[in-house]
Amino acid sequence: MTEASTLSNRADAQCQAYSNIVWEVLENLWHPQDNPNGIANLGVAENTLMHGELQDFVRRNTNIRQHAFTYGDGNFGSKRLRRAVAQFLNERLRPVLPLEAEHIMVTNGVSHAIEHCSWALCNRGDGILLGRPYYKSFIADISLRPEVEVVTVSFGGHDPLRPDCVKSYEEAVLSARKRGVVVRGLILCNPHNPLGRCYPEETIKELMKLCQRYRMHFISDEIYALSMWENKEEIRNSLPVPFVSALAVPTDGLIDPELVHVLWGMSKDFGANGLRVGYLISQHNRNLATALQSVGLYSYVSSISDHVAAEILENVDWVDRYIARNRQKLSESFSFAVRFLGQQGISYTPGAYAAFFLWVDLGRAYCERHPEASTSRDLSTTISKRLLEEKVFIANGTIFGSEKEGLFRIVFSHPVGYLEVGLKRMMKAIEL
């Protein structure tokens, strides 16, 4: 006899529905000596290129004070760290209004900052706009606990970063209204995950105008802001669109500044996913900060991580060298990956120059080698299974809201030797 669940309805629903292959992958990672039969991970958005340099820095700068074993300065992070973040981002993001410590709320990762925005800016059942393709975890961060609807926006093959995409966002707002959903916000990932490019300033301004027109919050996740690199393989005669922070856009005549919020963190630009430090920046909305004090306990960053993050950001000369070297390594790994793909006849979306991603058409490559698969309804699922059978994890584009079947996201921010292992396994998976 099956006993009734002792969990809540919502928890029980997650037991039935939840599935995330990432955790299985991370428990069985490939290592040339320790675990040669493990899984080569080219699917999780991690940058491992600078781990040696980061490890050396942390070893030399971990003089933890006793104060770190207390509750510190409160649930928005230490005064020291918030001052360091303000100074660091003032120099690199060039905000119109210089950042101050009180503009910054520290969280244990940017995911929690996203969830905070959803919880504080929307009522249950309201919506937040999200353009396709998107960073997959936006869905859970926005919807799972805050119970806010993610209103996805399709572009029908048009470039989702160009200014004319704004009409698609507006259509989504109006369509949601007809269903009784009030759209309270719009969230971007800039630079874009998974497309690896930046939103032009004109697009940012037009989206801000849209938010003002419908009284929506403009949320800019800028976690890859410093991960720009030179594309030596494709971009020759024109400069790529530069990264422009939402903080650097004058809001006069565009949007009420209290509707603008920016997210940044240590996970991507510093290759430190495990540090779990993120920042929610809102310069003009003090009510947001006041409201989040009530739930900030649940996103309290470790005082040890707080200390390490402050040490990093305060060491300006070291950081400058670190960022420059990181960009060089990203460029080199990108070059290796696209040359490999070219040699194998694998097509991908060109033009990347930011973040860690290649948007690759494995569906086309698989069907070229297996013509019978071209009529399959589950082509992407079939490819995903084949990849895992060959011990390589590459993320299926369907979980990123891809508008085209067969696209996958390759994360290339790994040393060339690691990339080579993963890419060779990928080719074996689609050829057999």
Kindly indicate whether the side chain of Leu195, heavy atoms from C-beta on, has any atom under 4.5 Å from the side chain of Phe357. no
Given the options Val360, Leu358, Ile410, Val338 meets side-chain contact (heavy atoms from CB on, under 4.5 Å) only with Leu358
Kindly indicate, with the supporting measurements, whether the criterion side-chain contact (heavy atoms from CB on, under 4.5 Å) is fulfilled by Arg386 and Leu432. CA-CA 9 Å; Arg386 285 291 303 124; Leu432 295 181; 3.5 Å; yes
Donor-acceptor contact below 3.5 Å, side chain Ser331 vs main chain Asn231: no
Can you name the closest pair of heavy atoms from Ser374 and Cys367 and give their distance? CA-SG, 3.6 Å
Does any non-hydrogen side-chain atom of Leu226 lie less than 4.5 Å from one of Arg92? yes
For the residue pair Thr48 and Pro415, what are the closest heavy atoms and their distance? OG1-CD, 3.4 Å
I'd like to know if Lys209 and Glu206 make a salt bridge, using a cut-off of under 4.0 Å between side-chain N and carboxylate O. yes
Is there a donor-acceptor pair closer than 3.5 Å between any side-chain N or O of Asn285 and the backbone N or O of Glu258? yes
Is there side-chain contact between Val416 and Glu332, with at least one heavy-atom pair below 4.5 Å? no
Please work out whether the ring planes of Trp229 and Phe334 are parallel, tilted or perpendicular, with thresholds of 30° and 60°. tilted
Using the side-chain hydrogen bond (donor to acceptor under 3.5 Å, both in side chains) rule, take His103 and Arg82 through it: C-alpha gap first, then chi angles, then the decisive distance, then the call. CA-CA 9 Å; His103 298 155; Arg82 285 182 285 126; over 6 Å; no
Take Arg83 and Glu100 through the salt bridge (charged side-chain N to carboxylate O under 4.0 Å, His left out) test and state the conclusion after the steps. CA-CA 7 Å; Arg83 285 194 297 265; Glu100 300 176 11; over 6 Å; no
Do the charged groups of Glu389 and Lys385 touch, with an N to O distance under 4.0 Å? no
Validation row: Ser267, Ile223 side chains within 4.5 angstrom (heavy atoms): yes
What are the two closest non-hydrogen atoms of Met426 and Leu341, and how far apart are they? CE-CD2, 3.9 Å
For Asn90 and Ala86, indicate whether the former's side chain and the latter's backbone hold a donor-acceptor pair under 3.5 Å. yes
Side-chain heavy-atom pair Phe408, Leu362 within 4.5 angstrom cut-off: yes
Would you say that more than 12 heavy atoms from the other residues, nucleotides or ligands in this model lie under 6.0 Å from the CG of Asp56, or not? yes
Would you say the side chain of Val241 lies within less than 4.5 Å of the side chain of Tyr353, judging by non-hydrogen atoms? yes
Passing candidate, side-chain contact (heavy atoms from CB on, under 4.5 Å) with Phe393, options Leu26, Val22, Val411: Val22
I'd like to know if the side chain of Ser333 and the backbone of Leu330 have a donor-acceptor N/O pair within less than 3.5 Å. no
CZ/Arg325 to CE/Met50 distance, rounded to the nearest 0.5 angstrom? 7.0 Å
Check the pair Trp30 / Tyr418 against ring-ring contact (aromatic ring centres under 6.0 Å, His included), numbers first and verdict last. CA-CA 9 Å; Trp30 175 82; Tyr418 192 97; 5.5 Å; yes
Steps toward side-chain contact (heavy atoms from CB on, under 4.5 Å) verdict (Glu115, Arg145): CA-CA 8 Å; Glu115 186 182 79; Arg145 294 197 296 188; 2.8 Å; yes
I'd like to know if the side chain of Asn61 and the backbone of Phe57 have a donor-acceptor N/O pair within less than 3.5 Å. yes
Measuring from Asp269:CG to Ile312:CD1, what's the distance to the nearest 0.5 Å? 11.5 Å
Starting from the C-alpha separation in whole Å, work towards a yes-or-no answer on salt bridge (charged side-chain N to carboxylate O under 4.0 Å, His left out) for Arg162 and Glu202. CA-CA 8 Å; Arg162 298 302 304 167; Glu202 183 183 356; 5.1 Å; no
Please check if the side chain of Glu149 supplies one atom and the backbone of Ser143 the other of a donor-acceptor pair under 3.5 Å. no
Do Asn193 and Tyr224 have side chains that approach each other closer than 4.5 Å (heavy atoms only, starting at C-beta)? yes
Heavy-atom closest pair, residues Pro194 and Arg409: CB-CD, 3.6 Å
Closest non-hydrogen atoms of Lys391 and Gly38, given as atom of the first, atom of the second and distance, are CB-O, 3.6 Å
Paired with Phe270, the side-chain contact (heavy atoms from CB on, under 4.5 Å) test is passed by just one of Asn47, Val319, Leu275, Asn326, namely Val319
Quick check: closest heavy atoms across Ala68 and Ser303, and the distance to 0.1 Å? O-CB, 2.8 Å
Checking Thr251 side chain against Leu254 main chain: does a donor-acceptor pair fall under 3.5 Å? no
Are the side chain of Asn190 and the backbone N or O of His192 linked by a donor-acceptor pair below 3.5 Å? no
Counting distance only, does the side-chain N/O of Arg94 pair as donor-acceptor with the main-chain N or O of Ala248 below 3.5 Å? no
Given 3.5 Å as the limit, does a donor-acceptor pair link the side chain of Ser413 with the main chain of Glu46, or not? yes
Can you run down the ring-ring contact (aromatic ring centres under 6.0 Å, His included) pairs that involve residues 127-156, sequence neighbours left out, and say none if there aren't any? Tyr135-Phe138, Phe155-Tyr169
Under the side-chain contact (heavy atoms from CB on, under 4.5 Å) criterion, do Leu29 and Asn35 qualify, and how do the steps go? CA-CA 7 Å; Leu29 290 176; Asn35 191 22; 5.6 Å; no
Using distance alone, with no hydrogens and no angle criterion, decide if Tyr366 and Glu431 have a side-chain donor and acceptor under 3.5 Å apart. no
Take Asp361 and Lys404 through the test salt bridge (charged side-chain N to carboxylate O under 4.0 Å, His left out) and record every step on the way to the result. CA-CA 9 Å; Asp361 195 345; Lys404 178 183 176 182; 3.0 Å; yes
Heavy atoms from other residues, nucleotides or ligands near CZ of Arg377 exceed 12 (cutoff 6.0 Å): no
Would you call Glu368 and Arg364 a salt bridge, taking side-chain N to carboxylate O under 4.0 Å as the test? yes
Mind running side-chain hydrogen bond (donor to acceptor under 3.5 Å, both in side chains) on Ser299 and His116 for me, showing each step along the way? CA-CA 9 Å; Ser299 62; His116 279 341; 2.8 Å; yes
Run the numbers on Ile219 and Leu263 for side-chain contact (heavy atoms from CB on, under 4.5 Å), then give the verdict. CA-CA 8 Å; Ile219 307 163; Leu263 314 175; 4.1 Å; yes
So, Arg276 and His112: side-chain donor and acceptor under 3.5 Å apart, yes or no? no
Candidates Arg321, Lys329, Arg60 - the one meeting salt bridge (charged side-chain N to carboxylate O under 4.0 Å, His left out) with Glu53: Lys329
Find the distance between NZ (Lys428) and CD (Glu390) and round it off to the nearest 0.5 Å. 4.5 Å
Going by heavy atoms in the side chains, are Arg215 and Leu259 under 4.5 Å from each other? yes
